[in-house]
Amino acid sequence: MKIVLLGAPGAGKGTVAKLLSELDGSVQISTGDILRAAVKGGSDPGKKAKGYMDSGDLVPDSLIMEIMEVRLQEDDCDKGFLLDGFPRTIPQAEALGELLGRMGIGLDFVASLEVPRDVILDRLTTRRTCSNSACQEIYNIKSNPPAPDGTCKKCGRPVIQRDDETEEAILNRLETYNEKTAPLIGYYRGKGLLRNFVSLSSKDTVEEIKKSLKG
Ligand code: AP5
């Protein structure tokens, strides 16, 4: 699979990407996860990214492209990839198109996950994430809770709320999405690559994506 997952914060991109990656070994590449690991590790890209992330703004395109140019050429991408949270601006989409063109790779399609705003707000305030940067399993205290002692069911480490999950940062992330990322829907529709998946359970979305791949 070579799919871009597009959707507002909390639309379920990470959840769907993890389920899809279990089907055929296609690798989930989440720019958010990569950046959070860089922040935690205290690397230069992490130091540059932290302030933008905590306030809910996008990290500069140049930093994201530096990371993704390298990541997409790593060996595990040969099996396929699920791009989760990238591209997020028109310049990123253009740079991705150029990079894939150079690599001789075409996308299957861009899956746009459409979820109403009230559902998104509810999901983001109730999401919890494994603190282990090698795991980053996603939970939800309502629909998919962690272990009763607040640890990850997969790796046993504490499950936490992310730094960008304050109400102020969530609202800023939604505004940033509408302004900078939603235009990608029209961009990819114009290229004939867009498929819409409307407010489904994550498992149903995966089934629909599988059908789209066959069709
Ligand atoms: P990132 O980590 O990508 O955050 P995001 O896009 O805001 O997406 P989320 O991870 O919040 O949501 P999601 O759609 O993956 O939903 P999830 O599956 O977790 O980015 C963070 C920051 O990094 C950005 O703000 C920016 O600063 C920076 N950044 C990252 N990429 C960048 C880029 N390319 N350019 C510039 N800056 C970049 O689900 C949410 C919750 O809902 C969970 O609790 C889940 O359990 C639950 N849930 C999911 N699906 C369902 C369902 N169907 N039914 C019920 N519950 C569900």
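Just so you know, ligand 1 is whichever comes first in the structure, and atom 1 is the first atom listed for that ligand. The first residue in the sequence is number 1, and the count goes up from there. Just so it is clear, the values below take in all heavy atoms, side chains as well, and ignore hydrogens, waters and symmetry mates.
Clustering of Ile, Leu, Val, Met, Phe, Trp and Tyr by side-chain heavy atoms under 4.5 Å joins Phe197 with Met1, Ile3, Leu5, Val16, Leu19, Leu20, Leu23, Leu82, Phe109, Leu113, Val206, Ile209, Leu213. Membership of the apolar cluster around Val115 extends to Val119, Ile120, Leu121, Leu124, Ile170, Leu171, Leu174, as traced through chained side-chain contacts below 4.5 Å between ILVMFWY residues.
Few gaps surround NZ on Lys153; more than 12 heavy atoms of other groups in view lie less than 6.0 Å from it. Within 6.0 Å of atom NZ in Lys40, more than 12 heavy atoms from other residues, nucleotides or ligands are found, so the atom counts as buried in its surroundings.
Hydrophobic cluster membership differs between Leu58 and Val4, with clusters built from Ile, Leu, Val, Met, Phe, Trp and Tyr side chains linked at under 4.5 angstrom.
With sequence neighbours excluded, the residues that form a side chain to side chain donor-acceptor pair (under 3.5 Å) with Asp76 are Arg71.
In this structure, ligand 1 sits under 4.0 Å from heavy atoms belonging to Ala8, Pro9, Gly10, Ala11, Gly12, Lys13, Gly14, Thr15, Thr31, Gly32, Leu35, Arg36, Met53, Asp57, Leu58, Val59, Ile64, Gly85, Phe86, Arg88, Gln92, Arg123, Leu124, Arg127, Ile138, Tyr139, Asn140, Ser143, Arg162, Asp164, Arg173, Leu200, Ser201, Ser202.
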